[in-house]
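Reviewing the structure listed below.
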Amino acid sequence: MLSGVDASGTASVVLIELKQWTRVDESPLEDHVVTFVGGGKRDVQHPSYQAWSYASLLQSFYEVVTADPIRIQPCAYVHNCSDASVLRSEGSKTLRDTAPLFLKGDVQPLRELIRERVVHGDGARALRRLDESVLTPSRSLVDALTSMLEGNREFVLVDDQKQAFELIMSMVKETSTEGSRVLIVTGGPGTGKSVIAVNALVRLLGEGLNVRYVSKNAAPRHVYAKRLRGSRSRVAVNNLFVAPDLFVRAEPASFDVLLVDEAHRLTRHSGPFRNLGENQVGEIVRAARVSVFFLDEAQRVTWRDIGTRDEISRAAEACGAGVSDVALSAQFRCAGSNEYLQWVDDVLGGRQPATGALTESTYDLRVFNSPVQLRDEVMARNDEGGSSRLLAGYCWPWVSKNDVSRYDIDFPEANLALRWNLSRDGLGWLGVASSVNEVGCIHTIQGLEGDYMGVIVGPDLLVRNGVVVTDPAARASTDQSVRGWRQAMKTNPEGTRQRTDEIIRNTYRTLFTRGMRGTYLYSTDTETNDYFKAMVARARPGQ
């Protein structure tokens, strides 16, 4: 960044994104190109997009930029590349209008841009002001988010969701700058935990507070950001929806409020190699004046998940923070059928007869005799609403990840072969129309929902003589959810069996509760499929 003043005497910064690339190819991803980095060809952001995104971040969160204005001019300089065909394509024109692009040989035009924006030096004063600026969302960002939220029916608060929301607001107002508080919001699938978190995020931003929506699972972060953002605010919104890794080195009470969705998915260590930090729960509590944990312990689905009420309470006690609780009971997923949720618990727990009677429920629950029938019905339902998908337990290796000509889930006797989610926009899998041809897993769908979900139950969950049994060895080698269980069996076999059993049952409980209007089941094991049919028949006698 080059700092100075422009011809009118206003503070001005030219933000230059430098690239050493020599060759660039087209990418199928929006605002991306393909170039050689990190030892191979990869999809990377267009340099003008990258420069523009940095400028947008400064304009949206750095108070000094708008309060005592600093004009930010982004641009990109790819100084080793002379081929303009891809970088200056028609599709990137809007980006380049905002963040001009300069290539090899464009020294003079770049020089002129800098001279126009920085007429006189300022001794780096503008850069120091940026470095010392208070971080708070801009008024325009808050207004944009508020407007989008108010026009979106899926974010309307009802029943105990509203009560929990007001409790959060009250706690934030009552908590002094010296103290800290923790609120644990518990609720099962479809009770509106994410809806409360998003509403609280927007309201607290409107009050000028430093707040973030935190989620371990990237899929809901991506989807909520995509639903709320507009083209002018998308970078800023993406910086409001963050991963818990962000708080490893955060200063104590550096955030006013942290809203932690899917808190059951928190882990001990952070970073790509899981070698940073000591405990994500404690790091979050320490980093915020008020931390709100949205929790469903029955959705802990990997070996590393540590999010429990006891873990959160211990972290709060260590930080001297008071703890409050609120429970959500009203259920809005699965056609509002608490009976269906009870049926799921009965089925996965092996309780016969099931106490979850479905005689009054309109929820569409069916068990199919073949994967082809399951696939065809999901396809038909998807034609109606566009949000029905296939899901499966992670029992098949993801071989197509490295070879797109191969299939992952193969049923040769049914002449059916399927692939795991291969959409290039992977984190937005549920929102990609073509993903109805793919199969999602627990890592793709947790925290999200669609109209009808067809679930393929793999050999990791079986029924033998009416007893539900689980087998972690049947999980795919590419699945990280139970990684480490074999080693743990050597020192604590009983505890390990109990833990893997819980993970597998929780995984299917989560998959069984992603459908808002219906769930369709098929097990690769005949005895297990017959068990599902019998449990449906007992819950709906005479139907």
Practice item. Show your working on salt bridge (Lys or Arg N to Asp or Glu O under 4.0 Å) between Asp261 and Lys193 and close with a plain yes or no. Key: CA-CA 7 Å; Asp261 205 0; Lys193 298 184 293 297; over 6 Å; no
Exercise for review: Kindly determine whether Arg381 and Glu377 satisfy salt bridge (Lys or Arg N to Asp or Glu O under 4.0 Å), including the steps that lead there.
Suggested key: CA-CA 6 Å; Arg381 291 298 186 176; Glu377 188 63 28; 3.5 Å; yes
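- Using the six-membered ring where Trp is involved, Tyr520 and Tyr452 have ring planes that are parallel, under 30° apart on the 30 and 60° scheme.
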Can you give me every donor-acceptor pair (side chain of residues 243-255, partner residue at least two apart or in another chain, under 3.5 Å) with its distance?
unit_1 : atom_1 : unit_2 : atom_2 : d
Asp245 : OD2    : Gly271 : N      : 2.6
Ser254 : OG     : Glu251 : O      : 2.7

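- Annotation: side chain of Val457 is not in contact with side chain of Thr524 (no heavy-atom distance under 4.5 Å).
- Cation-pi geometry between Arg499 and Trp303 is satisfied (NZ or CZ under 6.0 Å from the ring centre, within 45° of the ring normal).
- Between Gly393 and Tyr508, the shortest heavy-atom contact is CA-OH, 3.3 Å.
- In this structure, Glu26 places its CD atom where only 12 or fewer heavy-atom neighbours from other residues, nucleotides or ligands lie under 6.0 Å away.
- Between Arg475 and Ile503, the shortest heavy-atom contact is NH2-O, 4.4 Å.
- The environment of Glu384 atom CD is dense: over 12 non-hydrogen atoms of other residues, nucleotides or ligands sit within 6.0 angstrom.
- Contact detail for His264 and Phe294: the closest heavy-atom pair is ND1-O, 4.2 Å.
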Exercise for review: Determine, stepwise, if the pair Ser291 / Val257 fulfils side chain to side chain contact (heavy atoms under 4.5 Å, CB included).
Suggested key: CA-CA 6 Å; Ser291 47; Val257 185; over 6 Å; no
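- When all heavy atoms of Ser133 and Glu63 are compared, the closest pair comes out as OG-N, 3.2 Å.
- Counting non-hydrogen atoms of neighbouring residues, nucleotides and ligands closer than 6.0 angstrom, the CZ atom of Arg42 exceeds 12 such neighbours.
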Review point. Can you list the steps and then say if Asn210 with Arg212 is a side-chain hydrogen bond (donor to acceptor under 3.5 Å, both in side chains)?
Key: CA-CA 7 Å; Asn210 188 12; Arg212 296 291 186 275; 3.0 Å; yes
Exercise for review: Would you please test Phe241 and Tyr213 for ring pair (Phe, Tyr, Trp, His ring centres under 6.0 Å) and show each step?
Suggested key: CA-CA 5 Å; Phe241 290 76; Tyr213 172 108; 4.8 Å; yes
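- Few gaps surround CD on Glu112; more than 12 heavy atoms of other groups in view lie less than 6.0 Å from it.
- For residues 89-102, the salt bridge (charged side-chain N to carboxylate O under 4.0 Å, His left out) pairs, not counting sequence neighbours, are Lys93-Asp97.
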Exercise for review: Start with the C-alpha distance between Arg265 and Gln446, add both sets of side-chain angles, then the distance that settles side-chain hydrogen bond (donor to acceptor under 3.5 Å, both in side chains), and finish with yes or no.
Suggested key: CA-CA 10 Å; Arg265 295 298 318 280; Gln446 190 169 27; 3.0 Å; yes
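- Here the closest heavy-atom approach between residue His269 and residue Asn275 is recorded as CB-N, 4.4 Å.
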Exercise for review: Run the numbers on Val13 and Gln73 for side chain to side chain contact (heavy atoms under 4.5 Å, CB included), then give the verdict.
Suggested key: CA-CA 6 Å; Val13 167; Gln73 173 61 63; over 6 Å; no
Practice item. Take Thr507 and Tyr394 through the test side-chain hydrogen bond (donor to acceptor under 3.5 Å, both in side chains) and record every step on the way to the result. Key: CA-CA 9 Å; Thr507 296; Tyr394 206 158; over 6 Å; no
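- Evaluation of the side-chain hydrogen bond (donor to acceptor under 3.5 Å, both in side chains) rule for Thr267 yields Lys216, Gln280 as partners, not counting sequence neighbours.
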